[in-house]
Amino acid sequence: MRKFYYVFVALFIAQSAAAQTEAELSQIQSEIVPIGIADKDLEYTAELIIPDLNIPWGMDFLPDGGIIFTEKSGELYLFKDGKKTEIKNVPEVYARGQGGLLDIKLHPDYKNNGWLYITYSSSEGEGKGGNTALIRAKLKENKLVTIEKLYKGAINSTKGQHFGSRIVFDKHGYLYFSIGERGNRDENPQDLTRDGGKIYRLNDDGTIPADNPFIDVKNAKTAIYSYGHRNPQGLTIDPITGEIWEHEHGPMGGDEINIVKKGKNYGWPIISYGINYNKTSFTELTKKEGMEEPLFYWVPSIAPNGFVIVSSDKYPDWTGNLLVGSLKFQYLERLIIKDNKVVKREKLYDNIGRVRNVVQAPDGYIYMAVEGKGIYKLLKK
């Protein structure tokens, strides 16, 4: 039986001509239905397949069935045939606060070229502290080789927050990755000459695409694809439209879901549905001309991490739904979408722990990484 309901007002803004009015939005409520791992109402059980992990962050799947994944503290592992093996020659990580060894993604043509892409916090470059870097490398005999540095955010900072970072490839082979605004709210996200608070687009070799939106803007960081972000820790590709979906942490309230569009400004910190952590206001604006409003936002914040749009036939009742991990409330959230609008939210695996990532493997199965526990596989009961 579904025994517990937590009902709250869930406001969202649709990005279409048929956007709802504020009055309509204020009347919309969503039921959050907590369903435990063993609850008979949930069709899929979460089976722990890689136990005893601390803070697993990024993971991807090798053609031979292996799972390659990062630990935020700086270790890279390969799990295959029930055995976990540490990968050597990982770059030195600036492990401070939210920084560490972050995302990992295989090249779409990995089977032929062998390239792996990794984001991590690095102390290389100008200034004390660190910032988010992107490399690519190949895997040989359980060691990273042919390491190439593709991008490094500048300048470094000793602040421990908002490194991002996630990586995706689009259907054209472009690479996208995120860097948070590094706790520098009032300078980085709105300034095209500064890194931080941005989604970046590169060619797979790290060069800048000729049609990037700010290629001709004086002094701009030409890798920037969109800006005005706070701390994006979720990127995923819509398997039908090819659009890039992003979620990011707000302050107190105002975590967002956005569809990332070329050259667009997503408003942080000029527009927001959140407030300061001391409960004071830093902006009265939730919309402004020339800035993109979120597709959906959470109040209260759930601290989202990991993101996937389900397309697998293994979960037919979830097709087209969004799955998002919650760090704050320690569950997996399912959001049902119709016409680019969230119409229902559901809480899955309540109290499982801080969900750091959720991905769909090439074989269609969904995997979920949980702090202090490990990596789970979602299976039909």
A.B. asks: Which atoms form the tightest heavy-atom contact between A369 and P56, and what is the distance?
C.D. replies: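 Heavy-atom minimum between the residues: CB-CG, 3.8 Å.
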
A.B. asks: Relative to Y365, does K377 satisfy both conditions: NZ or CZ under 6.0 angstrom from the six-membered ring centre, and within 45 degrees of the ring's axis?
C.D. replies: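 Relative to the ring axis of Y365, which defines the angle, K377 lies inside both limits.
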
A.B. asks: Is it the case that the side chain of N156 and the backbone of E124 share a donor-acceptor pair, with hydrogens and angles ignored and the cut-off at 3.5 Å?
C.D. replies: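 Yes, N156 side chain to E124 backbone: donor-acceptor pair under 3.5 Å.
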
A.B. asks: Side chains of E71 and N54 only: does a donor on one sit below 3.5 Å from an acceptor on the other?
C.D. replies: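 No, no side-chain donor-acceptor contact under 3.5 Å.
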
A.B. asks: To check you understand the geometry: which heavy-atom pair defines the closest contact between L76 and I104, and what is its length?
C.D. replies: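 So the minimum-distance heavy-atom pair works out to CD1-CD1, 3.7 Å.
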
A.B. asks: When Y367 is tested against each of V308, L378, I67 for side-chain contact (heavy atoms from CB on, under 4.5 Å), which residue passes?
C.D. replies: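 When side-chain contact (heavy atoms from CB on, under 4.5 Å) is applied between Y367 and each of V308, L378, I67, only I67 qualifies.
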
A.B. asks: Show the numbers, then the answer: is there a ring pair (Phe, Tyr, Trp, His ring centres under 6.0 Å) between Y227 and F214?
C.D. replies: CA-CA 11 Å; Y227 65 109; F214 305 110; 5.7 Å; yes

A.B. asks: Any side-chain donor paired with an acceptor under 3.5 Å for H107 and N113?
C.D. replies: yes

A.B. asks: Counting N and O atoms only, with roles assigned by atom type, does the side chain of K198 sit under 3.5 Å from a partner on the main chain of G196, one being a donor and the other an acceptor?
C.D. replies: yes

A.B. asks: Is there a donor-acceptor contact under 3.5 Å from the side chain of T70 to the main chain of K72?
C.D. replies: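 Looks like no, no N/O pair under 3.5 Å.
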
A.B. asks: Keeping the roles fixed (side chain from N276, backbone from K279), state whether a donor-acceptor pair exists under 3.5 Å.
C.D. replies: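 No.
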
A.B. asks: Please confirm whether W268 and F282 have ring centers closer than 6.0 angstrom.
C.D. replies: yes

A.B. asks: Taking 4.0 angstrom as the limit, do K381 and E43 come out as a salt bridge?
C.D. replies: no

A.B. asks: Do T286 and E293 meet the criterion of a side-chain donor-acceptor pair at a distance under 3.5 Å?
C.D. replies: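 Side-chain D/A pair, T286 to E293: absent.
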
A.B. asks: Nearest 0.5 Å please: distance from the OG1 atom of T146 over to the NZ atom of K138.
C.D. replies: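 Going from the OG1 atom of T146 to the NZ atom of K138 covers 6.0 Å.
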
A.B. asks: Just checking K264: does its NZ atom have more than 12 heavy atoms from other residues, nucleotides or ligands closer to it than 6.0 angstrom?
C.D. replies: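 Count not over threshold, so no.
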
A.B. asks: Would you find a donor on one side and an acceptor on the other, under 3.5 Å apart, between the side chain of K262 and the backbone of D211?
C.D. replies: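 Pair found, side chain donor or acceptor close to backbone of D211.
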
A.B. asks: Between the side chain of T319 and the main-chain N/O of S311, is any donor-acceptor distance below 3.5 Å?
C.D. replies: no

A.B. asks: For residues I240 and D238, report the shortest heavy-atom separation together with the two atoms involved.
C.D. replies: N-OD1, 2.8 Å

A.B. asks: Given side chains that start at C-beta, do those of P251 and S272 come closer than 4.5 Å, heavy atoms only?
C.D. replies: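 A side-chain contact exists here, since the closest heavy-atom pair is under 4.5 Å.
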
A.B. asks: Nearest 0.5 Å, what's the CG-CG distance between L150 and L175?
C.D. replies: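 Nearest 0.5 Å value for the CG-CG distance: 7.5 Å.
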
A.B. asks: Please check if any side-chain donor atom of N219 sits under 3.5 Å from a side-chain acceptor atom of R194, or the reverse.
C.D. replies: no

A.B. asks: Ignoring hydrogens and geometry beyond distance, is a side-chain donor-acceptor pair present between E181 and N184 at under 3.5 Å?
C.D. replies: no

A.B. asks: Ring centres of F177 and Y200 under 6.0 Å apart?
C.D. replies: yes

A.B. asks: Spell out, as yes or no, whether a donor-acceptor pair under 3.5 Å connects the side chain of D339 to the backbone of K341.
C.D. replies: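 Looks like no, no N/O pair under 3.5 Å.
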
A.B. asks: Just checking F69 against F79, ring centres under 6.0 Å apart?
C.D. replies: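 No; F79 has its ring centre 6.0 Å or more from that of F69.
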
A.B. asks: Just checking, is any N or O donor in the side chain of W298 or E333 under 3.5 Å from an acceptor N or O on the other one?
C.D. replies: yes

A.B. asks: Quick one: do the D195 and Y151 side chains pair a donor with an acceptor below 3.5 Å?
C.D. replies: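 Side chains of D195 and Y151: pair found under 3.5 Å.
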
A.B. asks: Please determine, by modelled atom types, if N265 and Q190 share a side-chain donor-acceptor pair under 3.5 angstrom.
C.D. replies: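 Side chains of N265 and Q190: pair found under 3.5 Å.
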
A.B. asks: What do the steps show when you test N212 against Y225 for side chain to side chain donor-acceptor pair (under 3.5 Å), and what is the final call?
C.D. replies: CA-CA 6 Å; N212 264 16; Y225 189 76; over 6 Å; no

A.B. asks: Y117 ring centre to R136 NZ or CZ under 6.0 Å, with the angle to the axis within 45°?
C.D. replies: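 Verdict for Y117: no cation-pi partner in R136.
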
A.B. asks: Checking side-chain polar atoms at under 3.5 Å, does T241 have a donor or acceptor matched by the opposite partner on E243?
C.D. replies: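 A donor-acceptor contact under 3.5 Å links the two side chains.
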
A.B. asks: Is R96 reaching over with its side chain to a backbone N or O of T158, donor-acceptor style, under 3.5 angstrom?
C.D. replies: yes

A.B. asks: H247 and E256: side-chain donor and acceptor closer than 3.5 Å?
C.D. replies: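 Looking only at side-chain atoms, E256 and H247 do not form any donor-acceptor pair under 3.5 Å.
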
A.B. asks: How about N231 and E248: does a side-chain donor come under 3.5 Å of a side-chain acceptor?
C.D. replies: no

A.B. asks: Answer yes if the ring centres of Y273 and Y297 are under 6.0 angstrom apart, and no otherwise.
C.D. replies: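 Ring-ring flag for Y273/Y297: true, centres closer than 6.0 Å.
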
A.B. asks: Looking at R182 and Q161, would you say the former's side chain and the latter's main chain have a donor-acceptor pair under 3.5 Å?
C.D. replies: yes

A.B. asks: Going by atom types only, do E75 and Y77 share a side-chain donor-acceptor pair under 3.5 Å?
C.D. replies: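 There is no such pair (donor and acceptor under 3.5 Å, judged by atom type) between the side chains of E75 and Y77.
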
A.B. asks: State whether the side chain of Y315 and the backbone N or O of I366 hold a donor-acceptor pair below 3.5 Å, judged by distance alone.
C.D. replies: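 A pair under 3.5 Å: yes.
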
A.B. asks: Using the ring centroid of each side chain, check whether Y174 and F169 are separated by less than 6.0 Å.
C.D. replies: no

A.B. asks: With rounding to the nearest 0.5 angstrom, report the CZ to OG1 distance, F163 to T132.
C.D. replies: 6.0 Å

A.B. asks: Taking the ring of Y120 and the ring of Y94, is the distance between their centroids below 6.0 Å?
C.D. replies: no

A.B. asks: Are the side chains of Y331 and V355 in contact, using a 4.5 Å heavy-atom criterion?
C.D. replies: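 Of all side-chain heavy-atom pairs linking Y331 with V355, none is under 4.5 Å.
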
A.B. asks: For a quick check under 3.5 Å, do D255 and S301 share a side-chain donor-acceptor pair by atom type?
C.D. replies: yes

